[in-house]
Each structure stands twice: as C-alpha cells, then as structure tokens.
Enquirer: 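Pasting a structure below so you can have a look.
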Protein chains: 2
Amino acid sequence: MSSSRMHLLIILFLFLYEIEKLKLQSLSLLFMRNKQKIDICLSPSIIDLFDLSSKKVIIIDVFRATSAMCVFLNNGGNQVIPVSTIEEANKYKACNKINDYRYLVAAERNGAIVPGFDLGNSPLLYHDKNFNGHALVITTTNGTLAIEKSKELASGMLLASFLNASAIVNYILSSIKEDVLIVCSGWKGQVCVEDLLLAGLLSKEILLDNRFYANSDSVLLANHMYDLAKSNLFEFLIDSAYRKRMNLDEDVKYCLQKDIMSIVPIWAQKNIEPFSNSGYFYLV
Amino acid sequence: MSSSRMHLLIILFLFLYEIEKLKLQSLSLLFMRNKQKIDICLSPSIIDLFDLSSKKVIIIDVFRATSAMCVFLNNGGNQVIPVSTIEEANKYKACNKINDYRYLVAAERNGAIVPGFDLGNSPLLYHDKNFNGHALVITTTNGTLAIEKSKELASGMLLASFLNASAIVNYILSSIKEDVLIVCSGWKGQVCVEDLLLAGLLSKEILLDNRFYANSDSVLLANHMYDLAKSNLFEFLIDSAYRKRMNLDEDVKYCLQKDIMSIVPIWAQKNIEPFSNSGYFYLV
C-alpha cells in the first residue's frame, strides 16, 4: 500500500473514531436527560447558582434547626413557620397576646436562645413533649435562611435530618419526579461538615436507584466524606468547627441518631395542609 | 455533713469547675492569637465572607489557569497580567499593533481558546518554550476571577499549582507572617474537587509547622479528601466533574505533577518587579 493511501486510511479511521465518540456522548446525554439529577448546594451563599424552579429542595441543618423541627413535628406539632428575623418572630409573640390561636415562638442566634424567647433550636427542648395542634414559629442563625431563600423559587421543599434520613430517601424515591437539590445550611455562609455528611448519606442512598444521576463535585465530596465518617459520626466530628465552637455534646449525639422517626416535613406554600394519613406533616 | 452543706459544696465545686474551664478557653484563645491562621475559601462566590485585608492569599485553579501561569513564569516569562474580560484582553492585543512592547495574550472560556486568541490556559501550550522577557495577558473562566476579587483587598497574593506546591509551602513557612487564605477558583462559582485536593495538600503541609492553626471545616474537608486521593490523584479524579466534562487527560496528567518547579509567583501591586535572585517571579 502506498504511503499516501496509508495516510488516507489513517485519516478515515480517525474521522470514524471521532464520529463514534460523538455518538456515544449524545447517547449518554440522552440517557441522562431521562433521569433525575441530584445535586448538593454546599451553602445558602451559592444557592443563586442553581435554577430552583424545577427542583425539589431538601433543606438540612443538622446542628440543629432541621433536627429540632423534625422532633417538633414528630411530637404532634402541625405547622412550622420559619421566619428569617427576630422582628418577625416577635410579631408572632405579640399575636399570642391578642389572639385565640397561640404560637410557640423559638429564636436562636449563635447557638443560644435569644433573650425573651423560651425556645431555641436544641432538639432536646422538643423531645418527649406533646405538641398536638401547636404551631412553631422559629428563626435560627442558619437553617431558616436556607428555607427563606428556597421557598419562593423551588418547586417544593422537604426538611431532613439524620433523625428522619431514610424516611426522606423513601419519600424521594417513591413520590418525587423532579430533580433534587440538597441545600446545606452551613454556618454563616460557610460550608460545614455535619451538613455535608448528611447530604452524603442522602445522595448516596438516592443514587442507589438508577433513575437518579449526579455529575457534580459536591456530590462526590459528600459521598466520600460520608464513607469516611459513617462508622462513628460523633468521633469523626471531634475536629469539626461546630464541636470546637460549641459545648453541646448532648445535642450533637441526639442529632446524629439515624432513623429514629419517619416524619417527612413537606412545605405547603400557602395553606395549612391537613395531616395526611401517609404520615407526612406540613409546614406553612 | 448536713444536706444543705453538701449542696453548698456541690455548688462551689461546679462554680470552680466552670472557672477552670473558662481559664482554659481563654488560654487556648490567647495561644491561637499568637499563631497564624490558615483557612480555605472553597469558591470565589463566598470570598466576601472573609476579611482579606490582613491575609496573604494563595490562588489555585489546578485545571488549568494557575498551572499554566506557573509554567509560563518558570520558562522565563517576567509578568502575568490577569484580566477578567475578553474586552480587556483584546485591548492588550490591539496595543501589540501600535506598541514596541509586545504582549502574549491568552483567553479561555469553557475550556477552549477564545476565537481570535493564540493561547488559552493549557500548560502544554507553555511547556518547553522560552518566554524570556515576555509578558502574558490572560483571562480565564475561573482562575482570573479569584485573582480579580483578591487583588484590591488582600495584603498579598501567590499563585499555586501542584507543579510548585512545595515551593509555595516553603515560601509561606519562611517568609509569611500574616494569616493565610487559600482561595479555590472552582468552576463557575461552584466548588471543584481538584482545587480542594491542592488546598488540602498545601494546608496539611503548612499545618505541620505549629506556628499555624486552623479551625474551619473547609480545612478539615480538604485534608481528608487529600488523604483519600494522594496515592493516585489521576485515578481519584476519574469521577470528577472536570474529567467527565472535558476530554483533556494529557492536561490533567501534566497539572497533577507535584513539585516539578520551584517558582513562587508573587503579586506585585503596581510596579513590574525585577526578577529576584531568590527565584521568585512577579505578576503585575
């Protein structure tokens, strides 16, 4: 075979090879288009980078807002009303004086109950109590901010904690048809490791169902970190900023209990939704 | 002993115990105050959360901006002029036509060289060339944004890559008295794993010197991830967004080579600094 023919053949081969590669890429894109995407937003500071309109959002604030809200709803509470500011929380407190309907009003900043309020975000304050028929108005340093940022934009919202992790996963797998974005509340805009660990657990279990796919480094990070930590979350977190900053080991231990309840707190945009037989509660 | 005395003694004991705890906390705060803090900013989107004024900033964009800049400077280039927009880069190109002094002008967006420019951010384009006396004007999707955000505020800036990692660590340990903030360039505002890995390597080595301390979860994450990945960075990154998005394995392999040069690119705010005998180059 002459050298010029050989060159032509090589060029033809490379051409066909590139065509095959393109076909494969298009096929895998098509394949992914039919799947639901799961992603993780590591902090509310970067939530604007995501298009929330067609996403179901899972809010997590392990220490301690979403854990406390889950405990409240699991113990009979029928609504959680998250508000961003102390001023708003105060308005609800004022309502209690003039209104028949009474709200429990909780406010936490920097780990402590705000003076003048009876409740904060420690789940121990909500544990072993009966909140039948009560509403909780709550503002916290980090957790309610993520909710506030998502509530206008997302196509739906759930609250997750380690306490109800499997219930959330089961609900996503059985009832959610949209893409899913897990939003970590973090600490004052920064990423925090405990939220990343729960995001890792949730995304890992959701990805076991091959209707879902992920292609972001946040999911990769969260999955690796959860694998590293899962044998002893409490021990793993010994060097975390939260445990070094706060002296709240009892709260930490409580919040790291996996699957002690099957509550699935769901955001209901305008109306107070009734308690459903399927075991969900609703926020308003 | 009477029961009321016993109560008093217990209260006294608890009081003294709390005092001791406070003393210990103050001591450890005092101890930290004399140390230099190292922290990691996981993406330029959250850089506003840090007070840069008293910090030396290390910019990293492993794939590929800071790697390419390090190669350029190591091969004799005497200035890098990072600009944020294609328009600014075009102005420098126009200067070449009317000026004696000629700039090399590079522009990259979404992984490709912008049409009309001869160079992008692939270090392979800068490798094995002699840039003696040349200046490089460069704009990239992610890397130059982090530089832009830091240059007015930080008390100084260095550029790091795996290629010059130990040189950066040695420079920090021998010459830097301020706190250090490693800024990951990420991908369009999101966190990316390759920058986190380099941040992990750098912070880990810097923390071996006990003049430094860290108390942030970003450092914890980066350190754990680097430990997981270090035995084979290329293999570890197979599931990363960059490797899935880009078909640039040769570039990736090049950028993951550790310590193939000892260049320390330092930001010089206004003047073009001369080449120093100690082996540093300067940006302008």
Side-chain angles (χ1 to χ4, degrees), chain A residues 17-18 21-22 24-25 28-29 32 37 39-50 62-63 181 184 186-197 199-200 207 213-229 236-247, chain B residues 17-18 21-22 24-25 28-29 32 37 39-50 62-63 181 184 186-197 199-200 207 213-229 236-247:
Chain A
Y17 175 72
E18 287 300 320
K21 259 195 349 196
L22 277 176
L24 269 175
Q25 278 172 0
S28 79
L29 275 178
M32 292 211 296
K37 186 175 172 180
D39 205 347
I40 297 170
C41 170
L42 294 171
S43 140
S45 325
I46 56 166
I47 202 165
D48 301 335
L49 299 173
F50 299 85
V62 170
F63 303 144
L181 180 70
C184 300
W187 177 259
K188 298 189 175 177
Q190 298 271 10
V191 176
C192 74
V193 67
E194 62 274 13
D195 289 346
L196 190 72
L197 293 179
L207 284 166
Y213 79 99
N215 63 3
S216 90
D217 280 358
S218 307
V219 176
L220 189 73
L221 284 178
N223 277 252
H224 276 300
M225 290 301 288
Y226 181 68
D227 277 344
L228 266 180
F236 184 85
L237 288 172
I238 208 156
D239 291 325
S240 72
Y242 191 89
R243 286 199 61 192
K244 286 201 270 186
R245 190 174 52 233
M246 305 290 195
N247 190 16
Chain B
Y17 175 73
E18 287 300 320
K21 261 198 343 201
L22 277 176
L24 269 176
Q25 278 172 0
S28 79
L29 276 177
M32 293 215 293
K37 185 174 173 180
D39 204 348
I40 297 171
C41 170
L42 294 172
S43 141
S45 324
I46 56 167
I47 202 166
D48 300 337
L49 299 173
F50 298 86
V62 169
F63 303 145
L181 180 70
C184 299
W187 177 258
K188 296 187 176 180
Q190 299 270 10
V191 176
C192 74
V193 66
E194 62 273 12
D195 288 347
L196 190 72
L197 293 179
L207 284 165
Y213 80 99
N215 63 3
S216 92
D217 281 357
S218 307
V219 176
L220 189 72
L221 285 178
N223 277 248
H224 277 299
M225 290 301 287
Y226 181 68
D227 278 344
L228 267 180
F236 184 84
L237 289 172
I238 208 154
D239 291 324
S240 72
Y242 191 89
R243 285 198 62 192
K244 285 202 271 187
R245 188 172 54 232
M246 306 291 197
N247 191 14

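Values below: all heavy atoms of this structure, side chains included; hydrogens, waters and symmetry mates excluded. In the text below, chain A, chain B and the rest are named by the order of the sequence lines, each starting its count at 1.
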Enquirer: According to ring pair (Phe, Tyr, Trp, His ring centres under 6.0 Å), who are the partners of A:Tyr242, at least two apart in sequence or on a separate chain?
Expert: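 Partners of A:Tyr242 by the ring pair (Phe, Tyr, Trp, His ring centres under 6.0 Å) criterion, ordered by chain and then number, come out as A:Phe63.
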Enquirer: Heavy-atom pairs under 4.5 Å with chain A - which of B:Cys41, B:Ser240, B:Ser43, B:Ser218 has more of them than the others?
Expert: B:Ser240
Enquirer: If every non-hydrogen atom of A:Val193 is compared with every non-hydrogen atom of B:Asp217, which pair is closest and at what distance?
Expert: N-OD2, 2.8 Å
Enquirer: Output all residues satisfying ring pair (Phe, Tyr, Trp, His ring centres under 6.0 Å) with A:Phe236, sequence neighbours left out; order by chain, then residue number.
Expert: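 Testing A:Phe236 for ring pair (Phe, Tyr, Trp, His ring centres under 6.0 Å), a comparison that skips the adjacent residues, returns B:His224.
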Enquirer: Heavy-atom distances under 4.5 Å only: say whether A:Leu42 touches chain B with side chain, backbone, both or neither.
Expert: side chain
Enquirer: Check each atom of B:Leu228 against the heavy atoms of chain A and say whether the ones under 4.5 Å are side chain, backbone, both or neither.
Expert: side chain
Enquirer: Closest heavy-atom contact between A:Leu49 and B:Gln190?
Expert: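 Of all heavy-atom pairs spanning A:Leu49 and B:Gln190, the closest is CD1-N, 4.0 Å.
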Enquirer: Please give me the minimum heavy-atom distance between B:Asn215 and A:Ala241, naming the atom from each residue.
Expert: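 Reported closest heavy-atom pair: O-CB, 3.6 Å.
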Enquirer: Using side-chain contact (heavy atoms from CB on, under 4.5 Å) as the criterion, point out the one residue from B:Asp239, B:Leu237, B:Leu196, B:Val191 that pairs with A:Leu220.
Expert: B:Asp239
Enquirer: Return the OG to CD1 distance between A:Ser45 and B:Ile47, rounded to the nearest 0.5 Å.
Expert: 13.0 Å
